[in-house]
2 protein chains.
Amino acid sequence: MRRLIEAKVESTLDATLGACRPVTTQMISEEEAHDVALVFHALSDPVRLRIFSIIAAEGEVCSCNLEVPVGKSQPTVSHHTRILAGAGLIAREKRGRWTYWRVIRARLDQVTGLLGE
Amino acid sequence: MRRLIEAKVESTLDATLGACRPVTTQMISEEEAHDVALVFHALSDPVRLRIFSIIAAEGEVCSCNLEVPVGKSQPTVSHHTRILAGAGLIAREKRGRWTYWRVIRARLDQVTGLLGE
DNA sequence: GCCTCAGATTGATATCCATCAATGTTAAGG
DNA sequence: CCTTAACATTGATGGATATCAATCTGAGGC
């Protein structure tokens with residue numbers, strides 16, 4: 001996947017008199033934009049950010065231990081973990097009656113790699 | 001600002017029998033979560049991602065050169081640049097009748113610093 | 001089999017958001 | 001001033017979303 005932030009190499013040298021020069025750089029494709037937007041959208045909600053930060057910090061957390069810290073109902077927490085998982089940011093593992101979550105580091109690295117280095 | 005992703009140092013050693021241990025790590029604050037969510041929300045739309053990638057790649061772009069590449073109307077482009085600017089990701093500079101945009105690298109670095117290293 | 005509990009799903013609701021037509025604003029050129 | 005051109009703002013609208021009560025599902029324990 002291309003870098004999202006990438007300095008342009010060849011600077012167009014037309015004089016730029018009385019008008020601004022048009023864009024010449026190839027931009028991110030629409031499919032790529034959709035995939036990346038999926039990840040950012042998953043992280044664009046304060047509650048999901050807090051859930052994600054807990055999972056990342058703890059290494060492994062079960063859903064039952066998320067409701068209290070974030071102060072949301074069980075269906076709401078389930079809704080948010082579902083979105084985070086759909087974006088490929090966390091992975092579910094069922095053990096007995098409990099559902100454990102952990103972050104998928106590779107997906108995170110993919111996004112940070114897109115933004116900068 | 002604290003790191004969003006931070007491995008826990010002290011692993012709680014209670015036996016975890018028949019139940020999952022509760023969360024012990026301090027999570028990201030609500031105000032912090034709101035600020036970070038603001039940035040991610042700005043990047044959570046495919047159109048905004050494309051606009052942002054163009055600005056980042058060109059170094060400097062005026063609004064009039066954004067409508068065609070992203071295929072949206074002038075008010076829509078204005079709406080999106082406003083949101084990106086509100087998140088602190090791009091900065092406006094007016095020269096004559098034109099509005100030029102450039103990315104604010106510091107804000108971007110702040111986000112990447114939060115995610116990984 | 002039955003009860004209990006963790007969590008997923010559904011339905012309803014209030015809010016937010018992306019989009020664009022229409023209009024307002026501001027700066028340059030005459 | 002008057003016109004034109006570049007943006008911003010407003011209003012309207014269709015679609016997405018965050019939230020939770022209620023309900024369904026599935027795994028243990030008895």
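Within every chain, numbering begins at 1; the chains are lettered A, B, ... in the order of the sequence lines, protein sequences first and strands thereafter. It should be emphasised that the depicted structure is a prediction, and the values quoted were computed from it without experimental measurement.
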Are any side-chain N or O atoms of B:His79 and backbone N or O atoms of B:Pro75, one a donor and one an acceptor, separated by less than 3.5 Å?
-> no

Quick one: is C:dG7 close enough that its OP1 or OP2 comes under 4.0 Å of any side-chain N or O from A:Ser78?
-> no

Just checking A:Arg95: base, sugar-phosphate only, or nothing, at a heavy-atom cut-off of under 4.0 Å?
-> nothing

Interface with DNA chain C, restricted to residues 82-93 of chain B and to heavy atoms under 4.0 Å = B:Ile83

So side chain to side chain donor-acceptor pair (under 3.5 Å) across residues 65-74 of chain B, not counting sequence neighbours, yields B:Ser73-B:Thr76

Please answer whether the main-chain N or O of A:His80 pairs with a side-chain N or O of A:Arg48 as donor and acceptor at a distance below 3.5 Å.
-> no

With axes from five pairs an end, tell me the bend angle of the helix from C:dG1-D:dC30 to C:dG30-D:dC1, nearest 10°.
-> 30°

Hey, does B:His79 reach any base, or is it just sugar-phosphate, or nothing, if we go heavy atoms under 4.0 Å?
-> base

A:Leu66 and A:Val61 have their tightest heavy-atom pair at CD2-CG1, 4.0 Å

In Å, rounded to the nearest 0.5 Å, how long is the span from CZ of A:Phe40 to CG of A:Leu115?
-> 4.0 Å

Base, sugar-phosphate, or nothing: which does A:Val47 touch, judged by heavy atoms less than 4.0 Å apart?
-> sugar-phosphate

Check every strand shown and say whether B:Thr99 touches a base, only sugar-phosphate, or nothing at a heavy-atom separation below 4.0 Å.
-> sugar-phosphate

Which pairs pass side chain to side chain donor-acceptor pair (under 3.5 Å) with one or both residues in residues 85-96 of chain B, sequence neighbours excluded?
-> B:Glu60-B:Arg95, B:Glu93-B:Arg95

Using heavy atoms and a sub-4.0 Å distance, could you list which residues of residues 64-75 of chain A are near DNA chain D? By number, please.
-> A:Lys72, A:Ser73, A:Pro75

Taken to the nearest 0.5 Å, the spacing of A:Ser63 OG from A:Ile55 CD1 works out to 7.5 Å

side-chain contact (heavy atoms from CB on, under 4.5 Å) assessment of A:Leu84 paired with A:Trp101 = CA-CA 10 Å; A:Leu84 284 168; A:Trp101 299 99; over 6 Å; no

Only one of B:Val39, B:Leu89, B:Ile90 passes side-chain contact (heavy atoms from CB on, under 4.5 Å) with B:Leu108, and that residue is B:Leu89

State, with a plain yes or no, whether a side-chain heavy atom of B:Thr112 is found less than 4.5 Å away from one of A:Thr112.
-> no

Closest approach of B:Pro46 to B:Ser44 (non-hydrogen atoms, all atoms of both residues) = CD-O, 4.1 Å

Closest to the B:Thr76 side chain: C:dA28, C:dC5, C:dC20?
-> C:dC20

Which residue, A:Lys94 or A:Asp45, contacts DNA chain D at a nucleotide closer to its 5' end, judged by nearest heavy atom?
-> A:Asp45

From CD1 (B:Ile83) to CG (B:Leu38), nearest 0.5 Å = 9.5 Å

Can you tell me if A:Arg50 uses its side chain to pair, donor with acceptor, with the backbone of B:Ile28 under 3.5 Å?
-> yes

Between C:dC16 atom P and B:Leu38 atom CG, what is the distance in whole Å?
-> 14 Å

Please report, rounded to the nearest Å, how far the P atom of C:dA27 is from the CH2 atom of B:Trp98.
-> 14 Å

Separation of B:Arg50 atom CZ from C:dT19 atom P, in whole Å?
-> 12 Å

Nucleotide interval of DNA chain D bounded by contacts with chain B (heavy-atom cut-off, under 4.0 Å) = D:dT4 to D:dT9

Rounded distance (nearest 0.5 Å) linking atom NE2 of A:His34 with atom CG of B:Asp45 = 8.0 Å

